[in-house]
Amino acid sequence: MKIQVKSSFNPTLKTDCLVVALKPAKKLSSQQSELNKVTGGLIARLQEAGEFDATKAQVSVTPAPAGLNAKKLVLIGTGDTKSLDSEEIRDLLTTLAKALKENKVNEVSFELSALIAKSDAAIVARQTIETLGDAAYQYVMQPKSVTGPKAAKEMKVTLCCTDRKQAAEAKKAAMIGDAINNGKTLAKDLGNMPGNVCTPSYLASQARKLSKSHGLKVKVLSEKDMSDLGMGSLLSVSKGSREPAKLIVMEYKGAKNKKEAPHALVGKGLTFDAGGISLKPSAKMDEMKYDMCGAASVFGAVVAAAELELPINVLGVVPSSENLPDGIANKPGDVVTSMSGQTIEILNTDAEGRLILCDALTYTERYKPQTVIDIATLTGAVIVALGHQTAGVMGNDQEVVDNLIAAGETSLDHAWQLPLKETYKKQLKSDYADLANIGGPSAGTITAGCFLSYFTEKFRWAHLDIAGTAWGGTAGKRATGRAVPALTQYLIDRC
Ligand code: BES
Ligand code: MN
Ligand code: ZN
């Protein structure tokens, strides 16, 4: 997005579309009367005709408004409550962004002081950019079809503020919104891509591409490398697939001291999860192409951190594989040895995410990270518990968990903590190995977290289950780009 922030507002500026926020008032406010004056009484006429009374999120579009140098004038109502929280601001701006999309607006100027008065400039600026990005997002079919939708044109956005201080705040927030948006777009694209295009090797090639475009240090471990490291758990999952597994390692070094301990993000990159021998039912199995959205979130957050030039070091680790049935695939009852030396009895081959994550987490130890967050579409149970609205979070360090939850609140990418208590760990007892890979039908999200906790004892760690938030909900049958906002905010907050 091309973003410009101005410290004043000129109602006769030249633009394709002028958006003005207005609050309800019988008597016109100074802002309303100024606009009313230059448009020869348009606001008053719209009010009298009952066309626009500025209730919350009401949108009115006037083409070719007289007196202005805008091709369209869009009014957005703020409603008359004294304040609006950030969620309400986002909902209102989402309605506005959809209307702008319907009107094929590509260049737009905003005068939102009536909205800023009920919230603050940073929230409004950031959400303006993010909601525009979400509305404009267009998945371009892979492989490219002739009739399919084309990539959206880059939008040009001007935010008009009332003074320099407000403009500075808005600019900073808009830049964050833009970086998050770019990270989300990448994560959505990867999540929406079919499994035959987005394979572990494809993810590895994407990482190499990012290394060039964003100055990252990228390393890709092959199955041979992983075998030499003793990653018996990860490799047992990819055994049943013809696509070779990859362990992708990305380093962004923004800290002055290049040796400063990094914040590590470890993302599940299952490019297709059929369940393996414990085959999934066929309904909606196509959606299991999104089982790499943890990986996609890591890609997106690392890209956002690099674009924002955050002064910290970030490590992205992505274990990537397919999970398919095959003659040499994992079988229920198989016992494998993880890189940590702990043995695992695979009671259900569909609980494969934890099997690839555990070795990636052990591998992450060698980077001596300050904190580690793993992000995974790990359990269907988290959708039952929290729906598509909220991610599940657990960890071995309350401060890391709290920081992640706080980052989710700021970025409107919410997470809710579940209890990672000793008592649940009993469910992972195995007769044949140190651990079983499933904990029975109850508390599925928690026992998955418990499983990972056996591989995270050497660092401060939180686990984010995004099986619900990464896909669906208001986005429909599409990837959402979550948890890029929460992870990026988490990194910003560490600076
Ligand atoms: N990738 C799935 C979890 C999932 C389910 C993500 C639905 C998105 C939507 C994961 O690998 C899985 O299959 N988990 C099992 C665990 C069970 C076998 C203990 C599940 O949730 O059913
Ligand atoms: Mn599975
Ligand atoms: Zn899975």
Side-chain angles (χ1 to χ4, degrees), residues 186 190 195 198-253 258 261-273 291-303 306 313-324 328-330 336-342 344 352-369 372-376 378 452 455-456 458-459 461:
L186 173 63
L190 293 172
C198 183
T199 59
S201 301
Y202 182 85
L203 285 182
S205 71
Q206 283 298 297
R208 291 202 188 90
K209 228 168 126 184
L210 294 180
S211 113
K212 291 209 186 79
S213 58
H214 288 75
L216 310 173
K217 197 170 148 195
V218 169
K219 179 165 85 178
V220 179
L221 275 66
S222 67
E223 290 193 342
K224 164 82 171 56
D225 300 329
M226 292 187 260
S227 164
D228 290 346
L229 287 163
M231 296 188 172
S233 183
L234 190 160
L235 290 171
S236 79
V237 175
S238 76
K239 223 169 39 158
S241 151
R242 315 269 167 115
E243 290 289 341
K246 303 284 173 191
L247 184 71
I248 303 161
V249 184
M250 293 173 280
E251 289 177 85
Y252 162 72
K253 296 200 176 208
K258 300 293 166 222
H263 291 279
L265 306 176
V266 181
K268 173 178 172 183
L270 242 298
T271 58
F272 190 75
D273 178 14
D291 211 12
M292 32 53 68
C293 282
S297 302
V298 173
F299 278 75
V302 171
V303 160
N313 292 339
V314 182
L315 171 69
V317 178
V318 168
S320 183
S321 169
E322 294 182 328
N323 185 28
L324 297 172
I328 57 160
N330 274 333
V336 298
T337 304
S338 66
M339 183 180 173
S340 72
Q342 298 173 96
I344 303 160
E352 83 299 335
R354 59 199 81 179
L355 295 175
I356 69 166
L357 282 169
C358 69
D359 281 341
L361 286 164
T362 302
Y363 179 78
T364 302
E365 280 173 16
R366 63 185 55 201
Y367 289 88
K368 301 195 167 43
V372 178
I373 296 174
D374 82 77
I375 311 95
L378 205 60
L452 296 176
F455 302 86
T456 57
K458 301 221 171 97
F459 41 66
W461 159 76

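As a basis for the values below, the full set of heavy atoms in this structure was taken, side chains included, without hydrogen atoms, waters or symmetry mates. Along the sequence shown, residues are numbered consecutively beginning with 1.
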Donor on one side chain, acceptor on other, Thr199 and Glu322, under 3.5 Å: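 Thr199 vs Glu322: no donor-acceptor pair found between side chains.
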Any donor-acceptor N or O pair under 3.5 Å, side chains Ser241, Glu243: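 Side-chain D/A pair, Ser241 to Glu243: absent.
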Side chain to side chain contact (heavy atoms under 4.5 Å, CB included) evaluation trace for Phe459 with Leu361: CA-CA 10 Å; Phe459 41 66; Leu361 286 164; 4.3 Å; yes
Does the side chain of [Y] come within less than 4.5 Å of [X]'s, by heavy atoms?
X: Val266; Y: Tyr363; value: no
X: Ser227; Y: Leu235; value: yes
X: Leu265; Y: Val318; value: no
X: Lys253; Y: Val314; value: no
X: Ile344; Y: Ser338; value: yes
X: Met250; Y: Val298; value: yes
X: Phe455; Y: Gln342; value: yes
X: Thr364; Y: Leu315; value: yes

So which heavy atom on [X] is nearest to which on [Y], and how close?
X: Met226; Y: Leu221; answer: CE-O, 3.6 Å
X: Ala329; Y: Leu324; answer: CB-O, 3.6 Å
X: Ile356; Y: Gly269; answer: CD1-N, 4.1 Å
X: Leu247; Y: Pro319; answer: CD1-CA, 3.6 Å
X: Ala245; Y: Leu234; answer: CB-CD2, 4.0 Å
X: Ala261; Y: Pro369; answer: CB-C, 4.4 Å

Salt bridge (charged side-chain N to carboxylate O under 4.0 Å, His left out) partners for Lys217, two or more places apart: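 If we apply the salt bridge (charged side-chain N to carboxylate O under 4.0 Å, His left out) test to Lys217, skipping adjacent residues, the hits are Glu251.
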By side-chain contact (heavy atoms from CB on, under 4.5 Å) - contacts of Ser222 (at least two apart):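 side-chain contact (heavy atoms from CB on, under 4.5 Å) list for Ser222, sorted by chain: Lys224, Asp225.
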Working to the nearest 0.5 Å, report the span between [atom1] of [X] and [atom2] of [Y].
X: Leu270; Y: Asn323; atom1: CG; atom2: CG; answer: 6.0 Å
X: Ser211; Y: Ile248; atom1: OG; atom2: CD1; answer: 12.0 Å
X: Leu355; Y: Asp359; atom1: CG; atom2: CG; answer: 8.5 Å
X: Tyr252; Y: His214; atom1: OH; atom2: NE2; answer: 10.5 Å
X: Ser297; Y: Ile373; atom1: OG; atom2: CD1; answer: 11.0 Å
X: Ser238; Y: Glu223; atom1: OG; atom2: CD; answer: 4.0 Å

Carboxylate-amine/guanidinium contact Lys268 Asp374, below 4.0 Å: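 Result for this pair is no, no salt bridge flagged.
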Listing, residues 201-210 side-chain donor-acceptor contacts under 3.5 Å, not counting sequence neighbours, or none:
from, atom 1, to, atom 2, distance (Å)
Tyr202, OH, Gln206, NE2, 3.2
Ser205, OG, Tyr202, O, 2.7

Intermediate values then yes/no, side chain to side chain contact (heavy atoms under 4.5 Å, CB included), Thr271 and Ser320: CA-CA 7 Å; Thr271 58; Ser320 183; 3.7 Å; yes
Check against side chain to side chain contact (heavy atoms under 4.5 Å, CB included), Met292 and Leu190: CA-CA 8 Å; Met292 32 53 68; Leu190 293 172; 3.7 Å; yes
Thr362 vs Leu229, side chain to side chain contact (heavy atoms under 4.5 Å, CB included): CA-CA, chis, key distance, verdict: CA-CA 10 Å; Thr362 302; Leu229 287 163; over 6 Å; no
